[in-house]
Every structure is written in C-alpha cells, then in structure tokens.
Number of protein chains: 2
Amino acid sequence: MHTCATLASLHYAVKLAIDEMMDEERRRWITSLEVARLAGVSRSAVSRCFTPGASIAERTKQRVLNAADQLGYRPNAIARSLNTQRSGLVGVVVADVGNPFYARLIEALAIEIQERGRAPVVFVAKEAGATDALLRELLSFQVDGVLVASATLSLRVTQLYRSAETPIILLDRMASDGEVVTGDVSADNVAAAAMIAELFATTGCLRPAFVAGLENTSTSLERAAGFVAGLDRHGLKLAARDVGAYTYLGGQAAARRLLGKRDRPDAIFCANDEMALAAVDVARSEFGLRIPGELCVAGFDNTVSSALAAYSLTTVDQDIERMAGEAVSMLEASLSTSFAAERLRIPCRLIRRATTR
Amino acid sequence: MHTCATLASLHYAVKLAIDEMMDEERRRWITSLEVARLAGVSRSAVSRCFTPGASIAERTKQRVLNAADQLGYRPNAIARSLNTQRSGLVGVVVADVGNPFYARLIEALAIEIQERGRAPVVFVAKEAGATDALLRELLSFQVDGVLVASATLSLRVTQLYRSAETPIILLDRMASDGEVVTGDVSADNVAAAAMIAELFATTGCLRPAFVAGLENTSTSLERAAGFVAGLDRHGLKLAARDVGAYTYLGGQAAARRLLGKRDRPDAIFCANDEMALAAVDVARSEFGLRIPGELCVAGFDNTVSSALAAYSLTTVDQDIERMAGEAVSMLEASLSTSFAAERLRIPCRLIRRATTR
DNA sequence: GTGAAAGCGCTAACAT
DNA sequence: ATGTTAGCGCTTTCAC
C-alpha cells in the first residue's frame, strides 16, 4: 500500500513537471496544490482556509491567503461540489415569456440568489410544455434546488426531484393536490382581488366585470374568486366575465365583447395590467367612454406601463422582491433542516390611480 | 501496483455494499457504474454512449441506453466538467436594472444559451461597480465564457479572464481601447439615430433636440453622433441637447428644461423609450403641445410601453433575439477555434408611429 | 470496439 | 491544528 502511494505521487510529480514544461492545451488554472506549495502547507490546509467552519490557525490562514492572493487563486467550485454534493447552483424556471411581470421576477430571483453566494441558472420555457425537459436538464447540472414560476410540472418530474432530494419551490402558483413540492410562495391574489371589488363597490359601480387571464391557472382563478367574494360582501354580483389570456390582444378582444353588450359593465377588473391597458384603449378609442366617469378599470401587477401618465391605471402591486426573498429563504431552509412543506401568501398593495373613482 | 488495484477495488466494493445497506445521508444518484453493471459493460462504455463523437458499437449502445433509461440515469454534468475542463455554464452579467430593455435581453440570452445545450448563469449587478465581483464569482463556477451587457469592467478582471482563457463578449456596448475582450455585438446605434434624424428632417422639423441617456455610455454617445451626422446630411443642426440618465424621471426633467426654452425645439429624439414617453407626457400635460403637430418625439428600444395606443411612440427596434443569437454564436466560435476578436453591429428597424409626422 | 487505470481539483475522515 | 489518504462521478489514453 505504501509503495503504491509513493509510486502514485512520483508519477504525479513527473506529470506536473511535464505540464510545466510544455505549454499545455488545456485551460490552466491555479490549483490548491500550487498555493499549498507556495505557502508551505498541505492542500487540506488550503482547503480549510476557504471552508467557513474549518479549524485552522490564524497564522497559517494568513500565510495561505497571501499565497492565494499572490497567485490569483480561487477555489474551483465545480471540483468542490463533486464531493460536497452541493453545487451552489440554483435553478430558476420561468414559463411565461413576454410578460413584463415575469421579466422582473427573473431579475429579483437572480439578485436574491446571488446575494446568498449561490448562482442562479435561469431557464426560460418558450412553450408551456417545455418545463419538464428544462427541469431534467437542470438536474443534470446538479442544482441544489429549483424555483419554478408559473409553470406546469408533470408528476414524473416532481418524483424525479423527490428521489434526487432536490427541493422545488413554486412561485406565483400554488401546488395542486397530489403534487409533491417543497413549498410555494405567491401573492395573496384572493385578498388583492377583494380590495379591487371593494373599491368598485364603494365608489358606486353597479355592473362589475372580470377578465380572466389563462383559464386554469391558479393566479387567474384566485383573482376571480377573490373578486367575486369581495363583490358579494358588498351585495354586488358579477355582471359579466370574459377571458384574455393575459395578453394585450386577448384583453382587447375581451373588452370589445364586454363593452359591446347591451348592458355594458361599468367597471372591469382584468387579471393583469396588459389586458387592463387594452381595455382602457378599447373603451376610450372604440367606445368613446370617459374613464373613470363612465367606466372604471383595474389591473394587476403594477407594471411600468401602468404608471404612465396617459393611463395611470389602478392596479395591485405584488412586492416581487419580497416574494423572491421568501422563495429563496424557503429553499435554503429546506436545504439545511428537514423541512415540512410550506405555503406562503404575500400580501399585496392596492395602487389607486386614475382609472377608478 | 497490482495488489494496490485489487485492494482498492475490494475496498470500493465493500463501500458500495455499505451504502446500499444503510439509508445514506448524502444525496443518492444513479451513477454510470450502476448503468454499466445493469448493461454488463464497463463505465467507459457507458461514458462513450453519452459522448457525441465516441466510438461505440450500435448494439452495445442500445443496451446501455436501455439500462440508463430504466434506472433514470443522467450523466452528472459537474463530474464531467471536472475532466473535460468545460462546464457547459455560460455567465450572463447585466448591470442596468429596472430598464425593461435589459430584462428582455436577459430572457433572450437565456433562451439562446439553453437552446445550445448550455446553461446560463445570470448575475444582475445592482450598482455599476458590482460587475467586477460578479465576474470573479462566475470564474470560480468555471463558466466557459461570459456575456456582459452594458457594464464597466476593470482591466484587472479582463486580464483574469484572459489568463483563464475564458472569453468575454460585450453586449450593447463597444469595447473601449485597451480593453481586451473577445468580441462585442451591439445595435447599429449610429445608423439608427441617423434614420430618426432623416425622419425629422424630411417631415419639416427645423429645431431638433437630443436627450442623452447616461453620459459616457457608448450607446448614448453613438446615438448622439448618428443623430447629429444624420441632421447634418440634411442641412440641419442640433438645436438643443440635454441628459436624462435613461430614466422616466430624468427624461421628464430634461423635457421640462428643453420645452421651457424661448426657442423650444420642434422635435426631440431621446436615447431611449422611457425618456421619450416622459417627454410626451410633459409636452402634452404641462405644455399643452399637440403631438406630432407642434412637437415630434422619437425614442429607442421599442419597449412594450411605446406601442400602447395612448403613446404610439415612433422608435427604433433593436432585434434583441438576433443580438442574443450573434453574441452566443460568437462565444461558441471563440470556444472552438482560435478566434480573432470581432465586433458586430446589428442593424435596427425604424418603427414609425404616431409621435412623428 | 471495449475495458483497465489514472486522474480532473477538491473535501473530509482519520491519524498524528 | 495539520498532513495523509481515499474518494466525489466522470472521461480518456492506452492496451488488447
């Protein structure tokens, strides 16, 4: 056994010498071994200097850190993760493209992850069905966990993650029954929609309508439910209902149908801002309605566009930063302790502007 | 030496047995060894099945692939990268937060990278100075290359990348002299701004003004230069100039100053849409100007907001997808062949809408 | 075409 | 507190 080690290290030394002689093709990196040599310590000592809780004398630590600095050494995170079984990578999967809300969410999540010393691997699903493949892909990159925003996941892939003991946190979408995920965090859509209902009711609206986003998405369903419940509390009922697929064009079509009715609504709550802006445009230019005089409109998300002077749309602000923070915290928690599944609702803020009374 | 090997493999076998007996703490993964056993081949054979250009018999390949499928095996990308010296990770660093253009750019880059089988690691710099630290961080994650959008890099960090032989591609910002980067791709800002100038000139504008973004950013400088050159070609000169820091508030202040002058401009070209929208708002509500009758306004970026009916802003579209595609292609090219630095300008499209004649 | 053996750069259990 | 040693899961010469 001893001979073995000697032979091995001899072989190793020879290889190193060769490497240093010829200008190698492979990318050259400063390794912990080189730092160790310069500092006159072992590789373990170097390793310990870069491992938070490791026991190392202050004196040697300084010596090693100096050497490392001098050589421009940084530990190779890939090599490290091979035996710690933790890559430091966190997957972020977002399905809904083109929606400004999700663009902001990506940014917020990325910031939150990187601030905790991890690296966000961001995958964007172009079609709804693509999520599964992306999640598999992420798994092979050994992500420590994933944050999935507003996407459909198959049972198969959740099982895959379960057996890999890799947590999945859902964002802006609750876990459906039977779906085994580590947790979910989303806006309190029900309460927020109820605030809109209350605003409509207390400012004299009598025929409120709702424009849904995508049918069967939890966000749209919750906003609908909260709106109806809120109206009910004020003795009102939904006068009309349509669907706009969360897009401007969809919202435009829905608004046309809604406003073209004999008993047209006098207030429209759209499940997001894009559709609400479309409703405002249709109401003004195609029906010549004064807003908020003849029609109140409210949206959801508080996008940049909604704040513009020409619209000044009443809407709901989701506190994306908070949501991102909580989601990443939940992920971290599930990484360390054994962690019971949790669901978090983040309260929203009503942004009352000029499209309501 | 032989004894050694035997001892080692014996030890290994024992360890495996132990692992299988006790429910291990570490995350369990299907390894190539398990697939190899099931398929009755060696680990090398399994490896070759997942390595594109490897020589392997079709018959064994099928057998291995079957076994892999049965066990749900996926090669561990981390382990692979340890000896291929390629992680498959591509860094994306974006400095400008809150700017809708960069949000779209992140998405486009992420899509482009993931479609080529790599994984985008997205870092967002909150402050301008943070870029350096993020780039260092990325390097320790062994990224194969980085795409940097609109950020300042220190010389030190570019040297670091150079010695690590990791390519840096700049996006939407040219490399300044002395800066050693692998390449850059950005919009043809000069030509685009000249198109706006021509539009103004040929529709009877006589006193054109320019609102810069951030001073000293190449995008703003190029747009200014192209605009002035374009005007010059039509015998016009810049009537006024201001700065708006690429933000709505900045654009608002600039517009107020510009329109408050005795000889107010009759056309304003803003270096981005946010400032242009602010200019439209100020012109309409604070100065009661008719657009485009009394004032023409043009922006840059073709953001979602610019297309809204209430603004219908004339602007320039940057073809973000194309830029992202070219940038990633350039990165791939520099990864394979020895590659000479390159700079690419992507042509823009004029989007003529209702804020110009 | 296939297997054996030697690492990629690092960490961690163990011994000192 | 530090060094020695044995891998993490994979790829890759090198024999056969």
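Values reported hereafter were calculated over all heavy atoms of this structure, with side chains retained and with hydrogens, waters and symmetry mates removed. Below, chains carry the letters A, B, ... as their sequence lines are ordered, and counting in each starts from 1.
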Note to self: Regarding A/Ser44, tell me which of base, sugar-phosphate or nothing describes its non-hydrogen contacts under 4.0 Å with the strands shown.
What the structure shows: base
Margin query: Counting only side-chain nitrogens and oxygens, does A/Gln85 get under 4.0 Å of the OP1 or OP2 atom of C/dT11?
Written below: no
Check: Between D/dG3, C/dT2, C/dA12, which nucleotide has the shortest distance from any of its atoms to the side chain of B/Ala57?
Finding: C/dT2
Next item on the list: Would you kindly give the CD1-to-C1' distance between B/Ile30 and D/dC8, to the nearest whole Å?
Entry: 16 Å
Margin query: Just the rounded figure in Å: distance from P of C/dC8 to CG of B/Leu82.
Written below: 9 Å
Next item on the list: Would you kindly compare B/Val41 and A/Ser32 by the position of their nearest DNA chain C nucleotide and give the one closer to the 5′ end?
Entry: B/Val41
Notebook entry, point to check: Starting at CG of B/Asn83 and ending at C1' of D/dT11, how long is that distance when rounded to a whole Å?
Noted result: 4 Å
Check: Over how many whole Å does the gap from A/Lys61 atom NZ to D/dT2 atom C1' extend?
Finding: 15 Å
Item checked: Exam field: side chain A/Asp144 to backbone A/Ser87, donor-acceptor pair closer than 3.5 Å -> yes
Notebook entry, point to check: In whole angstrom, what separates A/Glu58's CD from D/dT2's C1'?
Noted result: 16 Å
Notebook entry, point to check: How many Å lie between CD on B/Gln62 and P on C/dG1, as a whole number?
Noted result: 16 Å
Check: Is a side-chain donor or acceptor of B/Tyr102 paired with a backbone partner of B/Ala149 at a separation under 3.5 angstrom?
Finding: no
Check: Is there a donor-acceptor pair under 3.5 Å between the side chain of B/Arg74 and the backbone N or O of A/Arg136?
Finding: yes
Item checked: Between C/dA12 (P) and A/Arg86 (CZ): distance, integer Å -> 12 Å
Check: Could you state the CZ-C1' distance from B/Arg37 to C/dG3, rounded to the nearest angstrom?
Finding: 15 Å
Next item on the list: Give me the residues of residues 45-55 of chain B where at least one heavy atom lies under 4.0 Å from an atom of DNA chain C, by number, or none.
Entry: B/Ala45, B/Arg48, B/Ser55
Next item on the list: Without swapping roles, check the side chain of A/Thr182 against the backbone of A/Ile168 for a donor-acceptor pair under 3.5 Å.
Entry: yes
Note to self: Students often get this wrong, so: under 4.0 angstrom with heavy atoms, is B/Thr60 touching a base, only sugar-phosphate, or nothing?
What the structure shows: sugar-phosphate
Note to self: Determine whether a donor-acceptor pair (N or O, by modelled atom type, separation under 3.5 Å) exists between the side chain of B/Arg63 and the backbone of B/Ala39.
What the structure shows: yes
Note to self: Please check: side-chain N/O of B/Gln114 versus main-chain N/O of A/Val124, any donor-acceptor pairing under 3.5 Å?
What the structure shows: yes
Item checked: By salt bridge (Lys or Arg N to Asp or Glu O under 4.0 Å) - contacts of B/Glu115 (at least two apart) -> A/Lys126
